[in-house]
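Just below is one structure, and these are the notes that go with it.
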Amino acid sequence: MRQFSTKQLVYAAAAAALAVAASMIKVFSLPMGGNVTLFSMLFVVLIGYWYGPVMGILTGAVYGMLQFVMEPYIFTIPQVILDYPLAFGALGVSGFFRRFKNGLAAGYIAGVAGRCFFAFLSGWIFFGAYAADYGMSAPLYSFVYNASYLGAEAAVTLLAMHLPPVKKALLYIKETAS
């Protein structure tokens, strides 16, 4: 079984807590769920990027379950699994990009794409009935709906990550986290 250091566990717990706090700052919300928040996904992505995909996925799954406890939306058990631990856990795939040039940005995009994939599946399977109200097929409706809020937050976060003071701060935190 894989062992994590105390430092890694503390940083992961702090990242999950910061993600929860940031998720409460909603820039805008869609009517049937989904919010653009103040960089909430970035905190989980950072754990994956710093400590690898296993720690990132576990941190994301924990964050997803915290989201479920705070704002539960239960349709079925499989929907809960797709929408919470799997979707948020997917943010941790950023760890697969930790050795790449521009790995944080690539990992962030991959993590958000993974989260979008699980949200898309959930929307298509469990909420596709709403598509007819908008004259769309269920897969198209689910993709457009989920990509709209996740893409908006991703774009804003990617821009913020490339600001010189933010880059400097992230580098400093990465050095202390290692």
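A quick note: this is a predicted structure, and the numbers were derived from the prediction, not measured. In what follows, residues are counted from 1 in the order of the sequence shown.
Side chain of Ser142 to main chain of Ala138: no donor-acceptor pair is present (N/O by atom type, distance under 3.5 Å, no hydrogens or angles). Panel note: side chain Ser178, backbone Lys174; a donor-acceptor pair is recorded below 3.5 Å. Looking at Asn146, its side chain does come within 3.5 Å of a backbone N or O of Ala119 through a donor-acceptor pair.
To the nearest 0.5 Å, atom CG of residue Leu38 and atom CD1 of residue Ile25 are 5.0 Å apart.
The side-chain heavy atoms of Ile77 and Ile81, taken from C-beta on, include a pair separated by under 4.5 Å. Counting only heavy atoms from C-beta outward, the side chains of Phe4 and Leu58 approach each other to under 4.5 Å. Here the side chains of Leu104 and Val45 are in contact, with some heavy-atom distance below 4.5 Å.
With sequence neighbours left out, Phe75 forms a ring-ring contact (aromatic ring centres under 6.0 Å, His included) with Phe127. By the ring-ring contact (aromatic ring centres under 6.0 Å, His included) test, Phe120 is found to be paired with Trp124, residues two or more places apart in sequence or in another chain being considered. Looking at residues two or more places apart in sequence or on another chain, you find a side chain to side chain contact (heavy atoms under 4.5 Å, CB included) between Ser137 and Pro139, Leu140. Applying the side chain to side chain contact (heavy atoms under 4.5 Å, CB included) criterion to Ala147, with sequence neighbours excluded, gives Cys116, Phe143. By the side-chain hydrogen bond (donor to acceptor under 3.5 Å, both in side chains) test, Ser23 is found to be paired with Gln67, residues two or more places apart in sequence or in another chain being considered. With sequence neighbours excluded, the residues satisfying side-chain hydrogen bond (donor to acceptor under 3.5 Å, both in side chains) with Thr176 are Tyr11. Partners of Lys7 by side-chain hydrogen bond (donor to acceptor under 3.5 Å, both in side chains), not counting sequence neighbours: none found. Judged as a side-chain hydrogen bond (donor to acceptor under 3.5 Å, both in side chains), and not counting sequence neighbours, Tyr84 has no contacts.
Under the 4.5 angstrom side-chain criterion for Ile, Leu, Val, Met, Phe, Trp and Tyr, the cluster partners of Val93 are Ile57, Phe96, Phe97, Phe100. Counting Ile, Leu, Val, Met, Phe, Trp and Tyr side chains that sit under 4.5 Å apart, directly or through other members, Leu18 shares a hydrophobic cluster with Phe43.
Sorted by first and then second residue, the pairs that involve residues 86-113 and meet side chain to side chain donor-acceptor pair (under 3.5 Å), not counting sequence neighbours, are Tyr108-Thr157. Pairs passing the ring pair (Phe, Tyr, Trp, His ring centres under 6.0 Å) check and including a residue from residues 145-176, sequence neighbours excluded, read Tyr141-Tyr145.
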